[in-house]
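Have a look at the structure below, then the notes.
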Amino acid sequence: MPGKLPTRLLNICISSFCKLHRLDKAEAVLIDGIRLGVLPNVVTYNTLVAAYCRFVGIDAGCSVVHRMQVAGIRPNVITYNSLLAGASRQGQASVSLDLFEEMLKLGISPNLWSYNTLMHCFFRLGKPDEAYRVFHDIILSGLHPDPTSFNTLINGLCKNGYVDNALMLYKNLKRHQCQLELVTYNILIDGMCKVGRLKTARWILQELGNSGYVPDAITYTTIMKCCFRLRKFEEALEIFSEMKSRGYTFDGFAYCTVMGAFVKIGELKRAVDVAKAMLKSGIKLDIVFYNTLMNIYCKEGKVDAAFALLNEIEEKGLECNDYSHTILIDGLCKAGNIAGAQRHLQYLCSSGCKSNLVAFNSLINGMCKSGQVDYAVKIFKAMNMKDEFTYSSMVHNLCRKGRFRTASRLLLSCIKKGMNILKSSERVVLQGFLNSGFRREARKLQSKIRVPVVSGIRVDSVISCHRHQGQTKNFKPVFDVFTSESSRSCVPANWIVVDANDIETGEKETSYTPSYWSAV
DNA sequence: CTAGGGTTAG
């Protein structure tokens, strides 16, 4: 059996270099190995596929798969899982779907990891129904959901606005004595925090403790951020110092949260102080730290200083992300340099960056504010993606120019798309009609915008009867998930979307949409 | 090979 042991050594070597992000070295080792007669196997290529997907991109991952096929090695389920995850990370659902099909066609049957990844991918794309169908497929294909499946499901429900469904699922799992992980609690706490339900979040924190867990750095950061958003600054800062004393500020997350919060309320001096403290603490500076710092400079009106940081970022070997560029573009807009902002955005688009909605929103707003409303409308029309920020900007600025009919039309099409436009945007149009004597138009608009905010997914089955077997930390489903038709008698049928009041503690809490936060 | 916290716009 020549070559068996050397191949394992080759794989360990390649894997080590991949972990160090040194793909060039990994490739060199592969070439050397082949030259010495050490043949790579499926594990070798899977390692490379995973690394390329993570550090370069899905296309790079696919080309490694091609190389492996040329070398006469057939991809397996793990190969495809890496590709699926890569596509999911890049938000390319169609690619994920194609890969899934491709995998089936090749006779490779997906495993639980494949399904979990696919489910996560759909959730990230804002398609909870599709995601839930994947969850069903897990059951239908005879696999048992694992803790990650449920974590993904709970997280996806929260991130898509179904926090009460997520709570319900949590409750069901709990009722059936499933051992939940710390991650599960953190996911739920974050879900509650993001909609402003701090009381419920604290209740889950309690449950976390009751289950014998200790809150970790992630738990703390999550709750601290929520306190900031609810303007409970003393409480937030107390959490921050507790984190420091517990040794939970080993990375930049907490510092950047605090910096960001100070920037948001215009306390730039305090934000700078926190930045200095972070520099002094010796924590590794990452791109998020630099983004936050650039944002401070921009808000101080020192756009040049922000741009100057780009050199430092590059020297450190860090890579700018969408946030970096958006912060700079917005900085230019706010400084009145619309042309510069436009140039930077154009440069981004031409260098193959995928469209950056936030940057476009910034630009549109900046143009309007500098009096170029018509030009902004032109760009608005050309945009293929728009959100409530886009509409809000246009509606407000059109109203400022007295163009209420156009504003009204945009407002309605925004609502029709199911977006949460600011109440103040609705008001400004109505008020505009009234002030300029268009009473009929105002009434007509009012009747149209008073639409109830709707429903969630009606999930026609209930996760039920999963019982923890005791011996391991994994759940072992004892029964399957029932559909409402087949087991109406034994489980409560649908997940009902409960409105803002808390279903667990019974306490009244108002649930806010995310867009509300920035308006507070 | 899958899941959780930080940075952007109205």
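Hydrogens, waters and symmetry mates are skipped; everything else that's a heavy atom, side chains included, is used. To find a chain, count down the sequence lines: A is the first, B the second, and so on, and within it residues start at 1.
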To the nearest Å, give me how far apart [atom1] ([X]) and [atom2] ([N]) are.
| X | N | atom1 | atom2 | value |
| --- | --- | --- | --- | --- |
| A/Q90 | B/dT2 | CD | C1' | 16 Å |
| A/L118 | B/dC1 | CG | P | 19 Å |
| A/N397 | B/dA9 | CG | C1' | 13 Å |
| A/L363 | B/dT8 | CG | C1' | 14 Å |
| A/L83 | B/dT2 | CG | C1' | 14 Å |
| A/I204 | B/dG5 | CD1 | P | 14 Å |
| A/K334 | B/dA9 | NZ | P | 7 Å |
| A/I338 | B/dA9 | CD1 | P | 15 Å |

A/S281 side chain to A/M278 backbone, donor-acceptor under 3.5 Å: yes
Using a distance-only criterion (donor-acceptor N/O pair, under 3.5 Å, no hydrogens), is the base of [N] paired with the side chain of [X]?
| X | N | result |
| --- | --- | --- |
| A/D251 | B/dG5 | yes |
| A/D286 | B/dG6 | yes |
| A/T257 | B/dG6 | no |
| A/S393 | B/dG10 | no |
| A/T117 | B/dT2 | no |

Regarding [X], tell me which of base, sugar-phosphate or nothing describes its non-hydrogen contacts under 4.0 Å with the strands shown.
| X | value |
| --- | --- |
| A/H396 | nothing |
| A/R89 | sugar-phosphate |
| A/S362 | sugar-phosphate |
| A/N46 | nothing |

[X] side chain: which of [options] is closest?
| X | options | answer |
| --- | --- | --- |
| A/F253 | B/dG5, B/dG10, B/dT2 | B/dG5 |
| A/W113 | B/dC1, B/dG6, B/dT7 | B/dC1 |
| A/A217 | B/dA9, B/dA3, B/dG5 | B/dG5 |
| A/V183 | B/dA3, B/dA9, B/dG6 | B/dA3 |
| A/T152 | B/dA3, B/dT2, B/dT7 | B/dA3 |
| A/K264 | B/dT8, B/dG10, B/dT7 | B/dT8 |
| A/K369 | B/dC1, B/dG10, B/dG5 | B/dG10 |
| A/D330 | B/dG6, B/dA3, B/dA9 | B/dA9 |
| A/N81 | B/dC1, B/dA3, B/dT7 | B/dC1 |
| A/N321 | B/dA3, B/dG6, B/dT7 | B/dT7 |

Hey, are A/D137 and A/R133 close enough for a salt bridge, meaning a charged N less than 4.0 Å from a carboxylate O? no
Does [X] make a side-chain N or O approach to OP1 or OP2 of [N] shorter than 4.0 Å?
| X | N | result |
| --- | --- | --- |
| A/K284 | B/dG6 | no |
| A/K386 | B/dA9 | no |
| A/K159 | B/dG5 | yes |
| A/K225 | B/dG6 | yes |
| A/R54 | B/dC1 | no |
| A/K299 | B/dA9 | yes |
| A/N365 | B/dA9 | no |

May I ask you to check whether A/Y255 and A/F240 place their ring centres under 6.0 Å from each other? yes
Atom [atom1] of [X] with >12 non-hydrogen neighbours under 6.0 angstrom:
| X | atom1 | answer |
| --- | --- | --- |
| A/E242 | CD | yes |
| A/F307 | CZ | yes |
| A/F250 | CZ | yes |

A/I108: which residues meet the side-chain contact (heavy atoms from CB on, under 4.5 Å) condition with it, sequence neighbours left out? A/V77, A/Y80, A/M103, A/L106
Kindly confirm or rule out a cation-pi arrangement of A/K386 over A/F380, judged by NZ or CZ under 6.0 Å from the six-membered ring centre and within 45° of its axis? yes
